Number of protein chains: 2
Amino acid sequence: MTDRLAGELGWGLAVVFRGYVKAADAVTEGLPGGHRGYQVLSAAARDEPGSQAALATRLGIDRTVMTYLLDDLVKADLVERRQDPCDRRTRLVVATDHGRTVLDDLDKRFARAEQHILGGLSPEDQAAFRALVTALATHVNSVDPVATACDAVEDISTTGRGAQVV
Amino acid sequence: MTDRLAGELGWGLAVVFRGYVKAADAVTEGLPGGHRGYQVLSAAARDEPGSQAALATRLGIDRTVMTYLLDDLVKADLVERRQDPCDRRTRLVVATDHGRTVLDDLDKRFARAEQHILGGLSPEDQAAFRALVTALATHVNSVDPVATACDAVEDISTTGRGAQVV
DNA sequence: TATTGTTATACTCTATAACTATA
DNA sequence: TATAGTTATAGAGTATAACAATA
């Protein structure tokens with residue numbers, strides 16, 4: 001179609017991410033929290049029990065949002081909050097037996113949803129994309145996006161006028 | 001770290017996309033609409049003039065949101081709405097001279113923001129990732145994510161109980 | 001009747017601040 | 001003093017519905 005050089009990465013990421021969320025939420029009918037509820041449940045079932053705050057940080061959501069999310073998942077008997085014997089302030093998030101059963105089914109659903117999103121690529125490219133996304137996410141999570149990007153702004157600002165247009 | 005098989009794609013996409021938005025918005029200080037204002041301005045300057053609705057569809061945002069976004073960009077004298085000689089209902093979105101000047105600067109800023117996000121990859125992997133994202137986005141935009149994903153649900157539902165847990 | 005664009009409204013999601021309890 | 005978690009509130013972002021103009 002038309003040429004799209006600048007901003008193409010942002011456009012592509014937005015389209016792909018939105019498509020994933022739509023497909024994932026369509027597949028989580030009845031699951032509290034939609035695709036994020038699945039991520040929490042998946043972490044609660046497969047990872048070592050962690051605090052709500054740690055879980056929120058890794059999933060990139062606010063700790064207050066995590067409270068609501070867990071409230072709903074607990075109500076549905078999918079996860080439970082356990083006392084941490086080492087620190088009575090923290091609650092460990094663990095999947096219930098019922099949660100693990102539901103997760104088995106959800107895994108299959110999500111596998112299909114993901115396959116649908118990646119369906120336009122060859123199997124080799126799909127594997128490559130998965131690996132690259134994981135590598136990027138790990139990298140991005142280990143840096144402060146704003147700080148470094150703002151350094152870049154400073155570099156540009158010294159060479160001309162800024163983009164302050166209003 | 002911990003193993004993360006199921007849902008890893010969704011987690012990675014969310015982290016990378018959020019990181020991009022953060023870095024991009026940090027770099028668009030003063031630009032109405034943040035990173036999406038940049039996408040609109042970029043399309044208005046480089047693509048053939050299109051209607052607001054067409055632009056909204058391609059960027060994946062609601063047409064009512066596009067109205068607000070354009071209001072602000074017009075106020076800032078970055079784009080203008082032109083009468084379409086072929087259809088008096090539609091408004092063509094075109095960048096102003098000032099908009100093109102500002103865009104030159106924004107392009108450099110976004111190049112750095114994108115570089116920051118992709119910085120964890122080798123140059124070859126960066127190019128590969130950009131190409132894969134573009135290919136995926138083109139594919140995703142051409143399909144209805146919900147419909148196909150719901151087909152997948154039906155397939156699963158016939159083999160056992162659903163994920164309806166509440 | 002259908003479509004473009006606008007406006008007003010309502011809804012969802014997320015962040016902020018204040019609070020309790022622990023450390 | 002600092003941190004984990006909760007709650008209430010406010011804010012941003014988004015979608016819904018009704019409308020006018022045009023096809």
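Everything quoted here is computed from the prediction, not taken from an experiment. Chain letters run A, B, ... following the sequence lines, proteins first, then strands; residues in each count from 1.
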What nitrogen or oxygen pairs link the protein and nucleotides 12-15 of chain C at under 3.5 Å?
from	atom 1	to	atom 2	distance (Å)
dT14(C)	OP1	Arg36(A)	NH1	3.1
dT14(C)	OP2	Arg36(A)	NH1	3.2
dT14(C)	OP2	Arg36(A)	NH2	2.6

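- We find that CG of Leu59(B) is positioned 16 Å from P of dG13(D), with the value rounded to whole Å.
- Summarising the geometry, atom CZ belonging to Arg46(B) is positioned 4.5 Å from atom CG belonging to Asp107(B); distances are rounded to the nearest 0.5 Å.
- Within the model, atoms CG of Leu92(A) and CD of Gln83(A) stand 8.5 Å from one another, a figure rounded to the nearest 0.5 Å.
- In the hydrophobic clustering of ILVMFWY residues, with side-chain heavy atoms under 4.5 Å counting as a link, Val94(A) and Leu31(A) come out apart.
- Close to dT4(C), at under 4.0 Å from its OP1 or OP2, lies no side-chain N or O of Arg81(B).
- For the atom pair Leu55(B) CG and Met66(B) CE, the distance stands at 4.0 Å (nearest 0.5 Å).
- The NE2 atom of His98(B) sits 6.5 Å away from the OG1 atom of Thr101(B) when rounded to the nearest 0.5 Å.
- Interatomic distance, Leu13(A) CG to Tyr20(B) OH, rounded to the nearest 0.5 Å: 7.5 Å.
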Nucleotide N/O to protein N/O under 3.5 Å, stretch nucleotides 2-4 of chain D:
from	atom 1	to	atom 2	distance (Å)
dT3(D)	O2	Arg89(A)	NH1	3.0

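- Rounded to an integer number of Å, the gap from CG of Asp72(A) to C1' of dT6(D) is 14 Å.
- The nearest whole Å value for the distance from the CE atom in Met66(A) to the C1' atom in dG5(D) is 12 Å.
- Considering only heavy atoms from C-beta on, Phe129(A) comes within 4.5 Å of Val133(A) through its side chain.
- Between Arg88(B) and dT4(C) there is no side-chain N or O to OP1 or OP2 distance below 4.0 Å.
- Of the possible donor and acceptor atoms, one in the side chain of Arg100(A) sits under 3.5 Å from a partner among the backbone N and O of Ala45(A).
- Atoms CG (Asp71(B)) and C1' (dA8(C)) sit 14 Å apart, rounded to a whole Å.
- In this structure, CZ of Arg18(A) is placed 12 Å from C1' of dT14(D), rounded to the nearest angstrom.
- Using a distance-only test at 3.5 Å, with no hydrogens or angles considered, no donor-acceptor pair links the side chain of Glu80(B) to the main chain of Thr96(B).
- Look at CD on Glu80(B): it is 15 Å from P on dG5(C), rounded to the nearest Å.
- When rounded to the nearest whole Å, the span between CG of Leu69(B) and C1' of dG5(C) equals 15 Å.
- Put simply, CG on Leu73(A) is 16 Å from C1' on dG5(D), counting in whole angstrom units.
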